[in-house]
Amino acid sequence: MELKFTLNGKPLLTEVKADTTLYQLLREEGCYSVKCGCETTNCGLCTVLLEGKPVLSCSIPALRVAGKYVTTMEGIQEEAEEFGSFLAAEGAEQCGFCSPGFIMNVLAMTKELENPDMDEIKEYLSGNLCRCTGYMGQLRAISKYMKAKREGK
């Protein structure tokens with residue numbers, strides 16, 4: 001089936017099978033930041049932005065994005081690198097396998113929530129699993145990143 005959508009700001013026209021997931025399509029299109037850890041929507045590794053909102057690409061049929069825009073980390077590298085530096089400064093970057101999905105959710109959260117408290121941050125990110133760092137360093141990085149954004153740094 002023919003599928004037309006926008007990927008990272010570029011129009012794309014491709015052929016997909018009816019049972020292709022968005023995750024599979026994105027990997028085929030070279031978006032290697034999109035990873036799959038569970039295939040059960042429990043880990044958050046496959047998070048991408050669909051029309052600006054975070055979604056789990058392993059659970060979405062590719063045909064559902066027809067006429068829409070999808071953003072992966074490849075499409076927002078500057079923002080991702082900026083937040084990544086906050087993660088590194090807090091020692092919260094270990095193996096990096098979960099980082100792309102986590103970063104996509106954090107960047108979406110900064111656009112959706114104006115000044116979230118720690119409980120709101122934890123709730124927003126509850127679907128992201130990390131087996132290396134624990135979460136305290138990540139939470140410190142998020143707090144510092146959001147503060148810097150508010151202060152215009």
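Only this structure's heavy atoms are used, side chains among them; waters, hydrogens and symmetry mates stay out.
Atom CD of Glu114 sits in a sparse spot, with 12 or fewer heavy atoms from other residues, nucleotides or ligands closer than 6.0 Å.
Between the NZ atom of Lys147 and the CG atom of Asn115 there is a distance of 11.5 Å, given to the nearest 0.5 Å. Interatomic distance, CE of Met104 versus OG of Ser99, reported as 13.0 Å (0.5 Å rounding). Summarising the geometry, atom CZ belonging to Phe102 is positioned 7.5 Å from atom CE belonging to Met109; distances are rounded to the nearest 0.5 Å. Once rounded to the nearest 0.5 Å, the distance linking CG of Leu25 with OG of Ser57 reads 9.5 Å. Here the NZ atom belonging to Lys35 is positioned 12.0 Å from the OG1 atom belonging to Thr47, to the nearest 0.5 angstrom.
In terms of hydrophobic clustering, with Ile, Leu, Val, Met, Phe, Trp and Tyr side chains grouped at heavy-atom distances under 4.5 Å, Leu7 and Ile60 are assigned to a common cluster. Criterion: ILVMFWY side-chain heavy atoms under 4.5 Å apart, direct or through other members. Under it, Met73 and Phe5 are not part of a common hydrophobic cluster. At a threshold of 4.5 Å between side-chain heavy atoms, the hydrophobic network of Ile, Leu, Val, Met, Phe, Trp and Tyr places Tyr69 and Val55 in two separate groups. Two different hydrophobic clusters hold Leu26 and Ile103 under the rule that ILVMFWY side chains link at heavy-atom gaps under 4.5 Å.
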Practice task
Show your working on side chain to side chain donor-acceptor pair (under 3.5 Å) between Tyr32 and Glu74 and close with a plain yes or no.
Solution key: CA-CA 8 Å; Tyr32 299 118; Glu74 287 83 357; over 6 Å; no
Exercise for the section: Give the intermediate values and the outcome of side-chain contact (heavy atoms from CB on, under 4.5 Å) for residues Arg64 and Leu50. Expected result: CA-CA 10 Å; Arg64 191 179 295 168; Leu50 176 59; 5.6 Å; no
Practice task
Applying side-chain contact (heavy atoms from CB on, under 4.5 Å), run through Glu123 and Asp119 and close with a yes or a no.
Solution key: CA-CA 6 Å; Glu123 176 67 26; Asp119 287 335; over 6 Å; no
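The aromatic rings of Phe86 and Tyr145 sit perpendicular, their planes meeting at an angle over 60°, well past the 30° parallel limit.
Considering only heavy atoms from C-beta on, Met118 comes within 4.5 Å of Ser143 through its side chain. With a 4.5 Å cut-off on side-chain heavy atoms, Cys36 and Arg27 do not count as touching. Between Leu63 and Val16, some side-chain heavy-atom pair lies under the 4.5 Å cut-off. Within the 4.5 Å cutoff, the side chain of Asn105 has heavy atoms near those of the Pro54 side chain. With contacts defined as side-chain heavy-atom distances shorter than 4.5 Å, the pair Tyr124/Glu112 qualifies. Between Val34 and Leu22, the closest side-chain pair of non-hydrogen atoms is not below 4.5 Å. At least one side-chain heavy atom of Leu56 sits under 4.5 Å from a side-chain heavy atom of Ser59. Looking at Lys17 and Met1, their side chains never come closer than 4.5 Å, going by heavy atoms from C-beta outward.
Using a cut-off of 4.0 Å between Lys/Arg side-chain N and Asp/Glu carboxylate O, Glu79 and Lys111 are scored as salt-bridged. Salt bridge Lys10/Glu29: absent, no basic N to carboxylate O contact under 4.0 Å. Salt bridge annotation for Glu51-Lys68: absent, with no cationic side-chain nitrogen under 4.0 angstrom from a carboxylate oxygen.
Residues satisfying the side chain to side chain donor-acceptor pair (under 3.5 Å) test with Thr110, not counting sequence neighbours, are none.
Between Lys4 and Leu13 the shortest heavy-atom distance is CB-CD1, 3.9 Å. Asp19 and Gln24 get closest at one heavy-atom pair: O-OE1, 3.9 Å. Listed here is the closest heavy atom pair of Glu120 and Pro116: OE1-CA, 3.1 Å.
In terms of modelled atom types and a separation under 3.5 Å, the side chain of Asn8 and the main chain of Thr72 share a donor-acceptor contact. Distance alone, capped at 3.5 Å, places no donor-acceptor pair between the Gln138 side chain and the Leu87 backbone.
The only option from Val48, Thr6, Leu49 that meets the side chain to side chain contact (heavy atoms under 4.5 Å, CB included) definition with Thr71 turns out to be Leu49.
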